[in-house]
Amino acid sequence: MEHFDENTIGKFAQLKTPFFYYDLRILDDTLAVIQQNIKDTPFVVHYAIKANANAKVLTCIRKAGLGIDCVSGNEVKKALESGFQPEEIAFAGVGKTDEEILFGLHKNIFTFNVESLAELKVIDELAGREGKVANIAVRLNPNVNAKTHHYITTGLEENKFGINYWELNTLFELLHQLEHIKLRGLHFHIGSQITDLSVFKTLCNRVNELQGEFKERGIVLEHINVGGVLGVNYDNPDDELIPDFEAFFNVFKQFLKVYPNQEVHFELGRSIVAQCASLISKTLYIKEGIKTNFVILDAGMTELIRPALYQSFHKVENLSRLSNVNDSKYDVVGPICESSDCFGKAIDLPKTSRGDLIAIRTVGAYGEVMSSNYNLREKVATIYRDEI
Ligand code: LLP
(Lines give C-alpha, C1' and ligand atoms only; values in the text may rest on other atoms or scores of the structure.)
Protein backbone atom coordinates (compact mmCIF):
# COMPACT_ATOMS: atom_id res chain seq x y z
CA MET A 1 0.00 0.00 0.00
CA GLU A 2 1.23 3.49 -0.83
CA HIS A 3 0.64 6.26 1.69
CA PHE A 4 0.67 8.82 -1.14
CA ASP A 5 -0.22 8.37 -4.79
CA GLU A 6 -0.09 10.93 -7.60
CA ASN A 7 -3.82 11.43 -7.48
CA THR A 8 -3.81 12.30 -3.76
CA ILE A 9 -0.80 14.58 -4.10
CA GLY A 10 -2.58 16.37 -6.97
CA LYS A 11 -5.51 17.03 -4.62
CA PHE A 12 -3.19 18.33 -1.88
CA ALA A 13 -2.28 21.21 -4.18
CA GLN A 14 -5.84 22.57 -3.86
CA LEU A 15 -5.83 22.51 -0.03
CA LYS A 16 -4.73 25.10 2.49
CA THR A 17 -1.55 23.99 4.20
CA PRO A 18 -0.40 22.89 6.69
CA PHE A 19 -2.74 20.03 7.53
CA PHE A 20 -2.66 16.56 9.05
CA TYR A 21 -3.33 13.90 6.45
CA TYR A 22 -4.75 10.59 7.65
CA ASP A 23 -4.78 7.35 5.72
CA LEU A 24 -7.10 5.19 7.83
CA ARG A 25 -6.48 2.14 5.63
CA ILE A 26 -3.09 1.88 7.32
CA LEU A 27 -4.74 2.04 10.74
CA ASP A 28 -7.31 -0.63 9.84
CA ASP A 29 -4.60 -2.93 8.48
CA THR A 30 -2.52 -2.40 11.62
CA LEU A 31 -5.49 -3.28 13.83
CA ALA A 32 -6.14 -6.42 11.76
CA VAL A 33 -2.53 -7.57 12.28
CA ILE A 34 -2.84 -7.00 16.04
CA GLN A 35 -6.04 -9.01 16.18
CA GLN A 36 -4.49 -11.78 14.15
CA ASN A 37 -1.62 -12.03 16.63
CA ILE A 38 -3.69 -12.02 19.81
CA LYS A 39 -6.46 -14.35 18.79
CA ASP A 40 -6.55 -17.56 20.86
CA THR A 41 -4.32 -15.95 23.51
CA PRO A 42 -5.15 -14.39 26.89
CA PHE A 43 -3.87 -11.08 25.48
CA VAL A 44 -6.06 -7.95 25.60
CA VAL A 45 -4.98 -4.70 23.94
CA HIS A 46 -5.96 -1.28 25.29
CA TYR A 47 -5.28 1.68 23.04
CA ALA A 48 -3.36 4.52 24.76
CA ILE A 49 -5.61 7.43 23.80
CA LYS A 50 -2.88 9.94 24.70
CA ALA A 51 -1.18 9.11 21.39
CA ASN A 52 -4.08 10.40 19.31
CA ALA A 53 -7.64 11.26 20.31
CA ASN A 54 -8.94 12.07 16.85
CA ALA A 55 -12.61 10.99 16.56
CA LYS A 56 -12.23 8.91 13.39
CA VAL A 57 -9.14 7.20 14.73
CA LEU A 58 -11.05 6.32 17.91
CA THR A 59 -13.96 4.94 15.87
CA CYS A 60 -11.65 2.58 13.94
CA ILE A 61 -10.07 1.43 17.19
CA ARG A 62 -13.38 0.89 18.98
CA LYS A 63 -14.75 -1.06 16.01
CA ALA A 64 -11.67 -3.30 16.16
CA GLY A 65 -12.69 -4.20 19.72
CA LEU A 66 -9.73 -2.73 21.63
CA GLY A 67 -10.07 -1.37 25.16
CA ILE A 68 -8.66 2.00 26.13
CA ASP A 69 -5.94 3.37 28.41
CA CYS A 70 -6.39 6.89 29.78
CA VAL A 71 -4.20 9.25 31.81
CA SER A 72 -6.61 12.05 32.67
CA GLY A 73 -10.26 12.52 33.59
CA ASN A 74 -10.86 14.19 30.24
CA GLU A 75 -9.39 11.20 28.42
CA VAL A 76 -11.80 8.94 30.36
CA LYS A 77 -14.64 11.28 29.37
CA LYS A 78 -13.57 11.27 25.73
CA ALA A 79 -13.35 7.47 25.72
CA LEU A 80 -16.88 7.17 27.10
CA GLU A 81 -18.23 9.75 24.61
CA SER A 82 -16.55 7.79 21.83
CA GLY A 83 -18.47 4.66 22.73
CA PHE A 84 -15.95 2.72 24.82
CA GLN A 85 -17.56 0.89 27.74
CA PRO A 86 -16.53 1.65 31.36
CA GLU A 87 -15.26 -1.93 31.77
CA GLU A 88 -12.83 -1.33 28.88
CA ILE A 89 -11.18 1.71 30.52
CA ALA A 90 -7.91 1.68 32.48
CA PHE A 91 -6.93 4.95 34.15
CA ALA A 92 -3.23 5.58 34.89
CA GLY A 93 -1.25 8.72 35.78
CA VAL A 94 0.86 9.86 38.74
CA GLY A 95 -1.28 12.87 39.63
CA LYS A 96 -4.96 11.95 39.54
CA THR A 97 -7.04 14.65 41.22
CA ASP A 98 -9.88 13.84 43.64
CA GLU A 99 -12.38 14.96 40.98
CA GLU A 100 -10.84 12.61 38.42
CA ILE A 101 -10.87 9.68 40.86
CA LEU A 102 -14.50 10.35 41.79
CA PHE A 103 -15.44 10.56 38.12
CA GLY A 104 -13.83 7.17 37.45
CA LEU A 105 -15.53 5.68 40.52
CA HIS A 106 -18.95 6.93 39.47
CA LYS A 107 -18.47 5.54 35.99
CA ASN A 108 -17.31 2.16 37.36
CA ILE A 109 -14.23 1.99 35.14
CA PHE A 110 -12.32 -1.27 34.74
CA THR A 111 -9.32 -0.18 36.79
CA PHE A 112 -7.32 2.63 38.32
CA ASN A 113 -3.64 1.99 37.73
CA VAL A 114 -2.27 3.25 41.02
CA GLU A 115 1.13 4.91 40.91
CA SER A 116 1.98 5.50 44.60
CA LEU A 117 1.10 4.39 48.13
CA ALA A 118 -0.25 7.88 48.82
CA GLU A 119 -2.64 7.58 45.87
CA LEU A 120 -3.75 4.13 47.02
CA LYS A 121 -4.86 5.58 50.37
CA VAL A 122 -6.71 8.46 48.72
CA ILE A 123 -8.58 6.14 46.34
CA ASP A 124 -9.56 3.93 49.28
CA GLU A 125 -10.80 6.93 51.24
CA LEU A 126 -12.80 8.38 48.35
CA ALA A 127 -14.29 5.00 47.44
CA GLY A 128 -15.26 4.47 51.12
CA ARG A 129 -16.93 7.87 51.21
CA GLU A 130 -18.95 6.99 48.10
CA GLY A 131 -19.87 3.53 49.39
CA LYS A 132 -17.90 1.88 46.59
CA VAL A 133 -15.04 -0.53 46.11
CA ALA A 134 -12.46 0.70 43.58
CA ASN A 135 -10.93 -1.78 41.13
CA ILE A 136 -7.23 -1.19 41.03
CA ALA A 137 -3.99 -2.43 39.50
CA VAL A 138 -0.78 -1.34 41.16
CA ARG A 139 1.86 0.10 38.90
CA LEU A 140 5.21 -1.29 39.92
CA ASN A 141 8.45 0.28 38.87
CA PRO A 142 10.46 -2.71 37.61
CA ASN A 143 13.74 -0.78 37.29
CA VAL A 144 14.30 -1.97 33.71
CA ASN A 145 16.22 0.24 31.29
CA ALA A 146 14.10 0.81 28.17
CA LYS A 147 17.13 1.98 26.15
CA THR A 148 15.15 4.81 24.58
CA HIS A 149 15.25 8.61 24.84
CA HIS A 150 15.59 9.67 28.51
CA TYR A 151 12.48 11.88 28.29
CA ILE A 152 10.34 8.84 27.41
CA THR A 153 11.93 6.39 29.85
CA THR A 154 9.60 5.64 32.76
CA GLY A 155 10.62 2.35 34.38
CA LEU A 156 13.77 3.31 36.27
CA GLU A 157 13.96 3.98 40.01
CA GLU A 158 14.83 7.61 39.28
CA ASN A 159 11.55 8.14 37.37
CA LYS A 160 8.39 9.44 39.05
CA PHE A 161 6.23 6.52 37.91
CA GLY A 162 5.03 3.52 39.87
CA ILE A 163 5.65 1.95 43.27
CA ASN A 164 9.24 0.94 43.96
CA TYR A 165 10.52 -2.46 45.01
CA TRP A 166 11.48 -1.29 48.51
CA GLU A 167 7.88 -0.18 49.14
CA LEU A 168 6.43 -3.65 48.52
CA ASN A 169 6.09 -4.66 52.17
CA THR A 170 4.15 -1.51 53.00
CA LEU A 171 2.06 -2.13 49.88
CA PHE A 172 1.17 -5.65 51.07
CA GLU A 173 0.17 -4.28 54.48
CA LEU A 174 -2.01 -1.61 52.91
CA LEU A 175 -3.65 -4.06 50.52
CA HIS A 176 -4.56 -6.12 53.57
CA GLN A 177 -5.89 -3.18 55.58
CA LEU A 178 -7.73 -1.04 53.06
CA GLU A 179 -11.34 -2.12 52.61
CA HIS A 180 -12.50 -0.08 49.67
CA ILE A 181 -10.08 -1.28 47.05
CA LYS A 182 -9.99 -4.53 45.13
CA LEU A 183 -6.63 -5.47 43.63
CA ARG A 184 -7.16 -6.88 40.14
CA GLY A 185 -3.76 -6.68 38.56
CA LEU A 186 -0.23 -5.41 38.24
CA HIS A 187 0.79 -2.66 35.85
CA PHE A 188 4.17 -1.94 34.27
CA HIS A 189 5.16 0.63 31.69
CA ILE A 190 8.85 1.17 31.17
CA GLY A 191 8.99 3.70 28.36
CA SER A 192 8.08 4.39 24.78
CA GLN A 193 9.54 3.91 21.27
CA ILE A 194 11.41 0.75 22.28
CA THR A 195 12.83 -1.04 19.27
CA ASP A 196 15.22 -3.44 21.03
CA LEU A 197 13.07 -6.52 21.67
CA SER A 198 15.52 -7.85 24.28
CA VAL A 199 14.21 -5.12 26.60
CA PHE A 200 10.82 -6.87 26.61
CA LYS A 201 12.45 -10.16 27.55
CA THR A 202 14.15 -8.44 30.52
CA LEU A 203 10.78 -6.93 31.44
CA CYS A 204 9.09 -10.37 31.33
CA ASN A 205 11.73 -11.86 33.64
CA ARG A 206 11.32 -9.01 36.09
CA VAL A 207 7.51 -9.26 35.99
CA ASN A 208 7.75 -13.02 36.65
CA GLU A 209 9.85 -12.34 39.76
CA LEU A 210 7.57 -9.61 41.06
CA GLN A 211 4.48 -11.67 40.37
CA GLY A 212 6.07 -14.45 42.40
CA GLU A 213 6.12 -12.16 45.45
CA PHE A 214 2.35 -11.67 45.20
CA LYS A 215 1.75 -15.37 44.61
CA GLU A 216 3.77 -16.27 47.73
CA ARG A 217 1.36 -14.16 49.74
CA GLY A 218 -1.62 -15.90 48.21
CA ILE A 219 -2.64 -12.86 46.14
CA VAL A 220 -4.38 -13.81 42.90
CA LEU A 221 -3.92 -11.38 40.03
CA GLU A 222 -6.54 -11.35 37.30
CA HIS A 223 -4.34 -9.47 34.90
CA ILE A 224 -0.81 -8.36 34.24
CA ASN A 225 -0.56 -5.13 32.27
CA VAL A 226 2.77 -4.72 30.51
CA GLY A 227 2.14 -1.20 29.24
CA GLY A 228 2.80 0.43 25.87
CA VAL A 229 6.27 0.71 24.50
CA LEU A 230 6.66 -0.84 21.05
CA GLY A 231 8.55 1.49 18.71
CA VAL A 232 7.99 2.30 15.04
CA ASN A 233 10.26 2.92 12.06
CA TYR A 234 10.67 6.71 11.78
CA ASP A 235 13.66 6.46 9.42
CA ASN A 236 12.00 4.46 6.66
CA PRO A 237 8.26 4.40 7.31
CA ASP A 238 7.39 2.75 3.98
CA ASP A 239 9.53 -0.28 4.85
CA GLU A 240 7.45 -0.91 7.95
CA LEU A 241 4.05 0.76 7.82
CA ILE A 242 2.91 -1.92 10.25
CA PRO A 243 5.31 -2.69 13.13
CA ASP A 244 6.41 -6.26 13.69
CA PHE A 245 3.66 -7.22 16.14
CA GLU A 246 4.33 -10.91 15.61
CA ALA A 247 7.86 -10.62 17.01
CA PHE A 248 6.64 -8.31 19.79
CA PHE A 249 3.82 -10.54 21.04
CA ASN A 250 6.03 -13.62 20.64
CA VAL A 251 8.42 -12.32 23.29
CA PHE A 252 5.54 -12.21 25.79
CA LYS A 253 4.17 -15.57 24.60
CA GLN A 254 7.58 -17.07 25.19
CA PHE A 255 8.88 -15.38 28.34
CA LEU A 256 5.97 -14.10 30.43
CA LYS A 257 4.64 -16.53 33.03
CA VAL A 258 0.86 -16.45 32.69
CA TYR A 259 -1.23 -18.17 35.35
CA PRO A 260 -4.53 -19.99 34.61
CA ASN A 261 -7.42 -17.60 33.93
CA GLN A 262 -5.06 -14.65 33.91
CA GLU A 263 -5.16 -12.02 31.17
CA VAL A 264 -2.18 -10.10 29.82
CA HIS A 265 -2.95 -6.50 28.97
CA PHE A 266 -1.03 -4.22 26.61
CA GLU A 267 -1.44 -0.44 26.30
CA LEU A 268 -0.29 0.35 22.80
CA GLY A 269 -0.37 3.90 21.50
CA ARG A 270 2.38 4.81 19.06
CA SER A 271 2.66 1.42 17.36
CA ILE A 272 -1.05 1.54 16.42
CA VAL A 273 -1.39 5.08 15.08
CA ALA A 274 2.03 6.54 14.22
CA GLN A 275 2.22 5.55 10.56
CA CYS A 276 -1.31 6.46 9.51
CA ALA A 277 -0.72 10.22 9.37
CA SER A 278 1.63 12.78 7.84
CA LEU A 279 1.93 16.50 8.28
CA ILE A 280 1.61 18.20 4.89
CA SER A 281 3.22 21.58 4.53
CA LYS A 282 4.24 24.05 1.84
CA THR A 283 7.69 25.55 1.26
CA LEU A 284 7.46 29.27 1.95
CA TYR A 285 11.04 30.22 1.25
CA ILE A 286 14.45 28.85 0.42
CA LYS A 287 17.07 30.75 2.36
CA GLU A 288 20.73 30.49 1.63
CA GLY A 289 22.91 30.37 4.73
CA ILE A 290 26.67 30.30 5.19
CA LYS A 291 27.06 26.62 5.90
CA THR A 292 23.65 25.37 4.93
CA ASN A 293 20.53 26.23 2.98
CA PHE A 294 17.17 26.34 4.71
CA VAL A 295 13.79 25.10 3.55
CA ILE A 296 11.35 27.27 5.50
CA LEU A 297 7.97 25.60 5.86
CA ASP A 298 4.53 26.85 6.85
CA ALA A 299 4.35 24.03 9.46
CA GLY A 300 6.38 24.18 12.63
CA MET A 301 6.80 22.96 16.18
CA THR A 302 3.25 24.11 16.88
CA GLU A 303 2.02 21.19 14.75
CA LEU A 304 4.77 18.71 15.61
CA ILE A 305 6.83 19.32 18.73
CA ARG A 306 8.63 15.95 18.82
CA PRO A 307 11.85 17.05 17.02
CA ALA A 308 12.20 20.10 19.31
CA LEU A 309 11.33 18.21 22.49
CA TYR A 310 13.06 14.84 22.02
CA GLN A 311 15.45 15.50 19.13
CA SER A 312 13.38 12.92 17.30
CA PHE A 313 13.70 12.27 13.59
CA HIS A 314 10.76 12.28 11.17
CA LYS A 315 11.28 11.51 7.52
CA VAL A 316 10.85 14.57 5.28
CA GLU A 317 9.77 14.13 1.64
CA ASN A 318 9.30 16.61 -1.17
CA LEU A 319 5.97 15.48 -2.63
CA SER A 320 6.21 17.89 -5.56
CA ARG A 321 9.42 16.21 -6.78
CA LEU A 322 9.10 12.57 -5.69
CA SER A 323 10.78 11.27 -8.83
CA ASN A 324 13.80 13.61 -8.57
CA VAL A 325 17.07 12.51 -6.97
CA ASN A 326 17.90 13.74 -3.48
CA ASP A 327 20.97 15.69 -4.57
CA SER A 328 20.69 18.66 -2.19
CA LYS A 329 20.93 19.12 1.58
CA TYR A 330 18.76 21.46 3.60
CA ASP A 331 17.97 22.32 7.18
CA VAL A 332 14.19 21.98 7.19
CA VAL A 333 12.69 24.51 9.59
CA GLY A 334 9.35 26.00 10.62
CA PRO A 335 8.23 29.63 10.96
CA ILE A 336 8.14 29.78 14.79
CA CYS A 337 10.44 32.20 16.61
CA GLU A 338 12.55 29.48 18.26
CA SER A 339 15.82 27.99 17.04
CA SER A 340 14.56 24.55 18.09
CA ASP A 341 11.77 24.87 15.50
CA CYS A 342 13.68 22.61 13.16
CA PHE A 343 12.45 19.33 11.64
CA GLY A 344 15.92 18.19 10.71
CA LYS A 345 19.41 19.30 9.79
CA ALA A 346 21.23 18.42 6.56
CA ILE A 347 18.24 16.52 5.18
CA ASP A 348 18.74 14.98 1.73
CA LEU A 349 16.10 16.32 -0.64
CA PRO A 350 15.79 17.07 -4.34
CA LYS A 351 16.45 20.72 -5.25
CA THR A 352 13.48 22.41 -3.59
CA SER A 353 11.61 25.58 -4.52
CA ARG A 354 9.03 27.91 -3.03
CA GLY A 355 5.58 26.30 -3.25
CA ASP A 356 6.82 22.68 -3.09
CA LEU A 357 4.69 20.40 -0.92
CA ILE A 358 6.62 18.75 1.89
CA ALA A 359 5.43 15.72 3.89
CA ILE A 360 6.66 15.03 7.41
CA ARG A 361 5.97 11.39 8.02
CA THR A 362 4.92 9.23 10.96
CA VAL A 363 3.03 11.89 12.87
CA GLY A 364 -0.08 9.85 13.80
CA ALA A 365 1.21 9.41 17.36
CA TYR A 366 1.96 12.40 19.58
CA GLY A 367 1.52 14.81 16.65
CA GLU A 368 -1.91 16.44 16.58
CA VAL A 369 -2.50 15.80 20.32
CA MET A 370 0.65 17.69 21.30
CA SER A 371 0.06 20.63 18.98
CA SER A 372 -0.25 24.14 20.42
CA ASN A 373 -1.29 27.69 19.58
CA TYR A 374 2.12 29.18 20.36
CA ASN A 375 2.76 32.41 18.41
CA LEU A 376 -1.06 32.54 18.31
CA ARG A 377 -1.11 30.12 15.43
CA GLU A 378 -4.37 28.54 14.42
CA LYS A 379 -5.09 24.85 14.86
CA VAL A 380 -4.59 23.22 11.46
CA ALA A 381 -7.10 21.12 9.52
CA THR A 382 -7.34 17.33 9.51
CA ILE A 383 -7.85 15.73 6.11
CA TYR A 384 -8.74 12.07 5.44
CA ARG A 385 -7.66 10.17 2.36
CA ASP A 386 -11.17 9.01 1.53
CA GLU A 387 -12.65 12.50 1.82
CA ILE A 388 -10.62 14.43 -0.71
N1 LLP B 1 0.76 3.34 28.97
C2 LLP B 1 1.26 4.32 29.75
C3 LLP B 1 1.05 4.25 31.20
C4 LLP B 1 1.97 5.40 29.17
O5 LLP B 1 2.46 6.35 29.95
C6 LLP B 1 2.15 5.43 27.76
C7 LLP B 1 2.88 6.51 27.13
C8 LLP B 1 1.59 4.40 27.00
C9 LLP B 1 0.91 3.37 27.63
C10 LLP B 1 1.68 4.35 25.49
O11 LLP B 1 2.97 4.16 25.07
P12 LLP B 1 3.29 3.92 23.52
O13 LLP B 1 2.66 2.61 23.09
O14 LLP B 1 2.74 5.05 22.76
O15 LLP B 1 4.76 3.84 23.49
N16 LLP B 1 5.15 12.13 23.71
C17 LLP B 1 6.19 11.11 23.64
C18 LLP B 1 5.73 9.78 24.15
C19 LLP B 1 5.26 9.83 25.59
C20 LLP B 1 4.71 8.49 26.04
C21 LLP B 1 4.01 8.65 27.33
N22 LLP B 1 3.41 7.45 27.80
C23 LLP B 1 6.67 11.02 22.18
O24 LLP B 1 6.21 11.78 21.34
O25 LLP B 1 7.54 10.21 21.87
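We count ligands from 1, going down the list as the structure has it; atoms in each ligand are counted the same way. Computed over heavy atoms, backbone and side chain alike; hydrogens, waters and symmetry mates excluded.
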task: With heavy atoms of Lys50 as the reference, note each atom of ligand 1 found under 4.0 Å away.
output: 1 (N), 2 (C), 4 (C), 5 (O), 6 (C), 7 (C), 8 (C), 9 (C), 21 (C), 22 (N)
field: Per-residue contact class, Ala51 against ligand 1 - non-hydrogen pairs under 4.0 Å
entry: neither
Nearest-0.5 Å distance that lies between atom CG in Leu319 and atom CD1 in Ile9: 4.5 Å
Ring pair (Phe, Tyr, Trp, His ring centres under 6.0 Å) partner of Phe266, the single match among Phe245, Phe43, Phe200: Phe43
- prompt: Is Glu125 salt-bridged to Arg129, cutoff N-O under 4.0 Å?
  reply: yes
- request: Could you state whether Val264 and Leu203 fall into the same hydrophobic cluster, counting links through intermediate Ile, Leu, Val, Met, Phe, Trp or Tyr residues with side-chain heavy atoms under 4.5 angstrom apart?
  value: yes
- request: Pick one of side chain, backbone, both or neither for how Asp69 approaches ligand 1, counting any non-hydrogen atom pair under 4.0 Å.
  value: side chain
- prompt: Does Arg270 approach ligand 1 within less than 4.0 angstrom via side chain, backbone, both or neither, non-hydrogen atoms only?
  reply: both
task: Taking only heavy atoms of Met370 into account, list the atoms of ligand 1 that are under 4.0 Å away from them.
output: 16 (N)
task: Indicate whether the side chain of Glu368 and that of Tyr22 have a donor and an acceptor atom separated by less than 3.5 Å.
output: yes
Within 45° cone and under 6.0 Å: Arg139 NZ/CZ vs Phe112 ring: no
- prompt: Is the closest side-chain donor-acceptor distance between His265 and Glu263 under 3.5 Å?
  reply: yes
- prompt: Are any of the N/O atoms in Tyr366 less than 3.5 Å from those in ligand 1?
  reply: yes
- prompt: Which atoms from ligand 1 have a heavy atom of Glu267 less than 4.0 Å away?
  reply: 1 (N), 2 (C), 3 (C), 9 (C), 10 (C), 13 (O)
- request: Compute the shortest N/O to N/O distance between Val229 and ligand 1 and return yes if it is under 3.5 Å, no if not.
  value: yes
message: Need the ligand 1 atom indices (1-based, order shown) with element for anything under 4.0 Å from a heavy-atom of Gly228.
response: 9 (C), 11 (O), 13 (O)
- request: Consider every N or O of Gly269 and every N or O of ligand 1, then say whether any pair is closer than 3.5 Å.
  value: yes
- line: A student checking ligand 1 against Leu268 at a 4.0 Å heavy-atom cut-off should list atoms 13 (O)
statement: ligand 1 atoms nearer than 4.0 angstrom to some heavy atom of Arg306 are 23 (C), 24 (O), 25 (O)
task: Check ligand 1 against Arg139 and write out every atom of the ligand that is under 4.0 Å from a heavy-atom position of the residue.
output: 3 (C)
query: What is the ring orientation for Phe172 with Phe214, classed by angle as parallel under 30°, tilted 30 to 60°, or perpendicular over 60°?
result: perpendicular
field: Pairwise distance OH(Tyr330) to NZ(Lys351) - rounded to 0.5 angstrom
entry: 4.5 Å
